Amino acid sequence: MHTRTFVAAAVGLGLVTLSACSSSDSGADSKTVTLVSHDSWAVSKNVLQDFEKQSGYKVRVLKDGDAGQAVNKAILTKDNPQGDVFFGVDNTLLSRALDNGLFQPYEAKGLGTVGTAYQLDAAKHRVTPIDYGDICVNYDKAYFSKHKLTPPASYADLVKPQYKNLLVTENASTSSPGLGFLLGSAAQYGDSGWPDYWKQLKANGVKVVDGWEQAYNEEFSGSAGGKKAGGDRPLVVSYASSPPAEVIYADPKPSTAPTGVATGTCFRQIEFAGLLSNAGNTKGGKALIDFLVSKEFQEDMPLNMFVYPVVKGASVPAEFTKYGPAAQNPETMAPDKIAANRDQWVKTWTSLVLK
């Protein structure tokens with residue numbers, strides 16, 4: 001997730017990765033619709049083929065880095081967008097996209113099946129909720145067992161001396177999970193308390209890298225990729241849904257996940273899709289958004305993008321719920337509070353942690 005999709009998994013499942021095209025490639029009457037997304041976009045080939053067959057549109061996908069990078073680029077190119085639909089803006093960045101006029105209103109067919117708690121723009125329908133997940137610290141079970149150390153369970157634990165130099169997180173200014181972890185700490189410690197918390201984290205040796213891919217698949221000792229890369233950090237900011245991926249794509253599969261989740265460090269993330277304001281193919285874009293909230297796509301998501309569906313009644317695979325259940329009491333923050341504070345908080349965080 002952001003970026004959270006496992007490359008080996010995509011290859012193993014034969015997930016579709018399509019070539020990019022710009023909006024200039026598809027006029028209003030074109031039968032091609034272009035989806036712009038972060039690198040974690042993935043869908044089963046047969047599911048996408050069903051949409052293409054039923055709708056008559058050919059889907060092309062442009063993956064554009066981590067969610068934060070993708071949103072920023074979409075804003076910069078909004079007058080001449082790279083595609084028709086943007087997928088992957090989440091509640092941590094939603095106000096930035098909306099305030100910059102990135103999307104045009106569209107009320108998706110089937111929106112009534114989406115839980116109201118996820119509809120953060122219900123009055124204007126500029127974005128449609130697609131999925132949710134929880135940003136949480138993950139830990140390497142083998143490391144903590146070997147060192148006879150109890151894994152951290154909360155934000156407060158992470159600043160304790162026994163966890164010094166163990167945590168890697170993502171840059172809050174460039175990475176969605178990095179920003180989510182910052183917002184979670186602000187929700188936990190309040191507007192005035194979170195900077196002191198981060199001073200303690202820095203003093204306790206937190207390492208900051210640009211994005212999730214580097215943090216999880218290179219620095220984290222508990223992931224398959226991290227093991228190969230020689231990662232030496234047994235704590236990483238990732239997702240509550242990361243442990244099942246480590247089981248599902250392992251060969252042979254272990255009976256239990258090699259990684260765990262510090263459940264007291266979670267922040268709820270909701271992802272959205274929207275019809276870009278200057279889309280060349282608005283009709284195709286609307287059809288694609290309708291597809292994203294269809295039960296077929298919603299039930300396909302968990303094992304592809306490791307997120308939970310927002311549509312009521314959509315089933316989740318047993319392995320997913322067994323190894324990566326959603327957090328019971330994640331930190332949350334109202335969209336208007338995120339909008340009012342995010343940029344200044346990121347600026348303060350940068351000065352405290354990176355300088």
Side-chain angles (χ1 to χ4, degrees), residues 2 20-28 30 32-41 51 55 57 59-132 176 179 269-294 297-298 305 307 310-311 334-336 338-340 342-343:
H2 307 308
C21 75
S22 68
S23 58
S24 61
D25 295 323
S26 55
S30 172
T32 295
V33 58
T34 301
L35 176 74
V36 183
S37 178
H38 50 60
D39 285 343
S40 294
W41 162 265
F51 166 73
S55 68
Y57 291 105
V59 179
R60 294 185 180 178
V61 178
L62 172 61
K63 295 184 179 183
D64 220 357
D66 192 278
Q69 298 167 346
V71 170
N72 290 339
K73 187 171 181 179
I75 291 171
L76 290 173
T77 59
K78 67 178 182 179
D79 292 334
N80 184 28
Q82 297 171 294
D84 306 302
V85 173
F86 186 93
F87 165 77
V89 62
D90 61 54
N91 51 311
T92 69
L93 296 166
L94 181 59
S95 64
R96 180 180 296 169
L98 297 182
D99 291 347
N100 279 278
L102 188 58
F103 302 112
Q104 56 181 296
Y106 174 62
E107 185 172 354
K109 295 176 182 176
L111 187 62
T113 65
V114 175
T116 55
Y118 308 116
Q119 298 188 37
L120 302 187
D121 190 47
K124 297 184 178 180
H125 301 297
R126 290 166 293 181
V127 290
T128 301
I130 305 299
D131 64 73
Y132 75 93
S176 178
L179 177 57
Q269 183 182 58
I270 305 168
E271 282 193 299
F272 304 85
L275 185 64
L276 289 165
S277 289
N278 294 294
N281 186 355
T282 56
K283 187 176 180 181
K286 291 175 181 180
L288 182 56
I289 291 174
D290 293 344
F291 166 66
L292 296 180
V293 292
S294 69
F297 179 82
Q298 289 279 304
M305 294 192 284
V307 288
V310 295
V311 167
D336 56 350
I338 294 176
R342 180 191 56 239
D343 293 346

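Because the structure is predicted, anything quoted here is derived from the model rather than measured.
- The shortest heavy-atom contact between A279 and P81 is N-CG, 4.1 Å.
- A distance of 7.5 Å separates CZ of R342 from OG1 of T92, quoted to the nearest 0.5 Å.
- N100 contributes no side-chain N or O that, together with a main-chain N or O of L102, makes up a donor-acceptor pair within less than 3.5 Å.
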| task | I would like to know whether Q269 and V307 meet side-chain contact (heavy atoms from CB on, under 4.5 Å); could you show each step before the answer? | result | CA-CA 10 Å; Q269 183 182 58; V307 288; over 6 Å; no
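- The two residues I130 and Q298 come nearest to each other via the heavy atoms O-NE2, 2.9 Å.
- Screening residues 110-130 for ring-ring contact (aromatic ring centres under 6.0 Å, His included), with sequence neighbours left out, gives Y118-Y132.
- Here the straight-line distance linking atom NE2 of H38 with atom CE of M305 works out to 7.0 Å at 0.5 Å rounding.
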| Could you walk me through whether L275 and K286 pass the side-chain contact (heavy atoms from CB on, under 4.5 Å) check? | CA-CA 7 Å; L275 185 64; K286 291 175 181 180; 3.9 Å; yes
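- Judged purely by atom type and a 3.5 angstrom limit, R126 has no side-chain atom pairing as donor or acceptor with the backbone of G274.
- To the nearest 0.5 Å, atom CD1 of residue I75 and atom CZ of residue F86 are 8.5 Å apart.
- The shortest heavy-atom contact between S277 and G101 is OG-O, 2.7 Å.
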| request: Give the intermediate values and the outcome of side-chain contact (heavy atoms from CB on, under 4.5 Å) for residues V89 and F103. | output: CA-CA 11 Å; V89 62; F103 302 112; 4.0 Å; yes
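- Between the CG atom of N80 and the CG atom of L76 there is a distance of 12.5 Å, given to the nearest 0.5 Å.
- Closest heavy-atom contact between V293 and T128: CG1-CG2, 3.6 Å.
- Although no hydrogens or angles enter the test, the distance criterion places no donor-acceptor pair under 3.5 Å between the side chain of T77 and the main chain of Q82.
- Checking side-chain atoms of Q104 against main-chain N and O of L276 turns up a donor-acceptor pair under 3.5 Å.
- In terms of the side-chain contact (heavy atoms from CB on, under 4.5 Å) criterion, residue partners of S37 (sequence neighbours excluded) are, by chain and number, W41, F87.
- Minimum interatomic distance between D84 and N281 (heavy atoms only, all atoms of both residues): OD1-N, 2.9 Å.
- The structure places CZ of F272 at 9.0 Å from CD of Q119, a figure rounded to the nearest 0.5 Å.
- Pairing each heavy atom of G285 with each of V33, the nearest pair is N-CG2, 3.6 Å.
- Partners of S294 according to the side-chain contact (heavy atoms from CB on, under 4.5 Å) rule, which considers only residues two or more places apart in sequence or in another chain, are F291, E296, F297.
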